[in-house]
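Scroll down for the structure; my scribbles are underneath it.
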There are 2 protein chains.
Amino acid sequence: MTPVQTIRENHTAYPSRDHADATDLMAQMGVRMTFAKDEEIYGQDEDADLIYRVVSGSVRTSRVLSDGRRQIGGFYVAGDMFGFENGAAHTFSAEAITQVKVLLIKRSVLASLAARDRTVAEQLLALVGRELARTQEHVMLLVKTAQERVAGFLLEMADRIQAHDEVDLPMSRQDIADYLGLTIETVSRTLTHLENSAAIALRTSRRIVLRNRGALHRLNS
Amino acid sequence: MTPVQTIRENHTAYPSRDHADATDLMAQMGVRMTFAKDEEIYGQDEDADLIYRVVSGSVRTSRVLSDGRRQIGGFYVAGDMFGFENGAAHTFSAEAITQVKVLLIKRSVLASLAARDRTVAEQLLALVGRELARTQEHVMLLVKTAQERVAGFLLEMADRIQAHDEVDLPMSRQDIADYLGLTIETVSRTLTHLENSAAIALRTSRRIVLRNRGALHRLNS
DNA sequence: CGACACTTTGACGCACTTCAAAGGGGGTGG
DNA sequence: CCACCCCCTTTGAAGTGCGTCAAAGTGTCG
């Protein structure tokens with residue numbers, strides 16, 4: 001485990017207290033699993049009886065429509081939790097974007113812990129609340145122009161990956177396109193355009209430098 | 001209060017049990033308030049310290065971008081709860097679409113009840129989970145074609161309002177357009193087109209008959 | 001009955017998609 | 001270590017679905 005990952009894992013772990021912390025609980029009680037790139041972590045319509053936490057690597061959740069179109073629900077990086085959905089079955093599937101290490105815990109275990117421990121219950125609620133907020137932001141992105149969507153996506157990723165101004169995207173253009181409701185060509189063209197207007201620089205196709213955050217924010221309305 | 005509303009209110013009220021029910025709690029402890037059409041229930045950036053339940057009428061939540069574009073986050077009809085957002089402040093505002101009667105309860109009251117009563121905590125979690133699922137469906141709508149969005153919207157509303165096959169929409173074309181990320185002209189044209197293809201009938205502009213649910217579902221992919 | 005707001009319809013323009021082909025860039029085998 | 005290959009990305013050209021601008025139709029409330 002690299003130092004960077006250790007830091008990231010600790011940032012949600014509170015020092016010591018009477019009540020248990022969901023993150024700590026997972027570290028103590030959770031099972032560790034590894035998934036190879038593009039491997040499915042869980043499938044659409046499978047039982048949603050596990051909660052996951054990303055230790056390293058990146059994960060995407062997605063849903064495929066009957067005509068083959070794919071929509072990506074979200075991306076999850078080290079420290080993020082995923083897998084909680086409302087009903088008994090998943091309505092999205094989850095796949096590893098890169099090689100991924102996760103911790104997983106049974107939902108029922110977490111639920112019974114939450115029943116006895118108030119702080120666990122509160123954290124669970126906060127977690128779902130955060131996921132709701134993320135999804136609402138996703139909605140806001142999807143009604144904007146291509147430039148605004150791509151700019152918003154870059155800013156979101158820069159925040160999440162905690163990169164200063166240089167983001168190393170773990171996902172392909174196709175993943176980005178399916179997240180933003182655009183085609184790969186439009187994503188590519190938009191990135192080129194942002195580079196030409198000096199808002200970003202493309203080191204490689206996946207490594208992007210945010211040259212002018214202000215300009216990106218302005219595009220994000 | 002009409003019989004229809006009485007039935008709708010009861011469908012989430014469990015008979016009698018040891019633990020308190022959030023819906024019952026609101027009926028017992030909640031404060032009743034009335035809002036006129038287009039009146040603001042709460043504003044963006046206001047403290048999110050109240051939880052609401054629609055008794056009658058319809059509510060929309062919305063966010064306005066700096067350039068004036070408005071995005072509607074969701075519609076809420078009798079029986080629906082709204083107002084829970086992740087942070088301390090609302091990121092959406094809520095307005096009455098029609099005259100609206102709501103019950104409201106302090107979030108802190110609900111939280112302290114949840115701390116003592118397991119079922120309240122579970123219901124709170126389920127409520128946020130349902131809101132998350134709704135928002136995810138919203139995301140799925142926004143990446144589709146205009147026809148699919150409008151068809152999906154009609155099916156969603158028919159479900160929510162519990163109308164057999166004739167839906168009385170409480171919201172304007174502008175509200176629909178801002179929910180679906182389209183213009184009023186496109187919404188109007190699409191409805192006309194759906195009528196011409198015998199999928200729906202427009203009794204009046206707000207009263208729509210679903211003539212062919214299969215066709216609408218097919219459009220919904 | 002007339003005024004006003006909302007909805008529908010029409011004509012045109014543009015942003016994004018589609019179809020097509022030409023770059024890279026990373027990994028493997030020789 | 002180089003060369004080749006495959007896949008991902010970029011770029012180009014043409015098509016189209018939705019937006020924009022404009023005006024007519026419709027329902028409602030004073």
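Note that the structure is a prediction, hence the values are computed from the model and not measured. Basis for what follows: all heavy atoms, side chains included, without hydrogens, waters or symmetry-related copies. All chains are named by letter (A, B, ...) in the order of the sequence lines, taking the proteins before the strands, and each is independently numbered beginning at 1.
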Quiz item: Which whole-number value in Å describes the distance from A:Asp178 CG to D:dT9 P?
Solution: 12 Å
Practice problem: Round to the nearest Å and state the distance from A:Leu142 atom CG to C:dC16 atom C1'. | Solution: 15 Å
Quiz item: Under 4.0 Å between a side-chain N/O of A:Arg173 and OP1 or OP2 of D:dT10, yes or no?
Solution: yes
Practice problem: Answer with yes or no whether A:Gln174 presents, from its side chain, a donor or acceptor under 3.5 Å of a partner atom in the base of D:dC7. | Solution: no
Quiz item: Using a cut-off of 4.0 Å on non-hydrogen atoms, how would the nucleic acid contact of B:Thr204 be classed: base, sugar-phosphate, or nothing?
Solution: nothing
Quiz prompt | A:Arg206 side-chain N/O to D:dC8 phosphate OP1/OP2 under 4.0 Å | solution = no
Quiz item: Under 4.0 angstrom, heavy atoms only, what part of the nucleic acid is B:Ser188 near: base, sugar-phosphate, or nothing?
Solution: base
Quiz item: Where the side chain of B:Thr192 is defined as all heavy atoms beyond and including C-beta, which of D:dT9, C:dT9, D:dC18 is the nearest nucleotide?
Solution: C:dT9
Exercise. Using atom CZ of B:Arg207 as one end and atom C1' of C:dC6 as the other, report the distance to the nearest whole Å.
Key: 18 Å
Practice problem: Describe the nucleic acid contact of B:Leu191 in one word from base, sugar-phosphate, nothing, applying a heavy-atom distance below 4.0 Å. | Solution: nothing
Quiz item: Between D:dT9 atom P and A:Leu169 atom CG, what is the distance in whole Å?
Solution: 10 Å
Quiz item: Is it true that the side chains of B:Ser62 and B:Glu95 contain a donor and an acceptor less than 3.5 Å apart?
Solution: yes
Quiz item: Would you call B:Arg70-B:Asp175 a salt bridge at under 4.0 Å N-O?
Solution: yes
Self-check item: Atom-pair distance (CD1 on B:Ile184; C1' on C:dG10), nearest Å
Solution: 14 Å
Quiz item: Going by atom types alone, do A:His90 and A:Glu85 pair a side-chain donor with an acceptor below 3.5 Å?
Solution: yes
Quiz item: Hey, does the side-chain of A:Gln147 have a donor or acceptor N/O within less than 3.5 Å of a partner on the base of C:dC16?
Solution: no
Quiz item: Do the two ring centres, one from B:Tyr52 and one from B:Tyr42, sit under 6.0 Å apart?
Solution: yes
Quiz item: Under 4.0 Å: is that the gap between some side-chain N or O of B:Ser205 and OP1 or OP2 of D:dG27?
Solution: no
Self-check item: Whole-Å distance separating the CD atom of B:Glu185 from the P atom of D:dA23
Solution: 14 Å
Quiz item: Would A:Arg160 and A:Asp80 pass as an ion pair if we require N to O under 4.0 Å?
Solution: yes
Quiz item: Are any of A:Arg189's side-chain N or O atoms less than 4.0 Å away from OP1 or OP2 of C:dA15?
Solution: no
Quiz item: Can you find a side chain N or O atom of A:Thr186 that sits less than 4.0 Å from OP1 or OP2 on C:dT17?
Solution: yes
Practice problem: Starting from C1' on D:dG25, measure out to CG on B:Leu202 and report it in whole angstrom. | Solution: 15 Å
Exercise. Please state how far atom CE in A:Met171 lies from atom P in D:dT9, giving the value in whole angstrom units.
Key: 11 Å
Quiz item: When all nucleic acid strands are considered with a 4.0 Å heavy-atom cut-off, which category describes B:Ser172: base, sugar-phosphate, or nothing?
Solution: sugar-phosphate
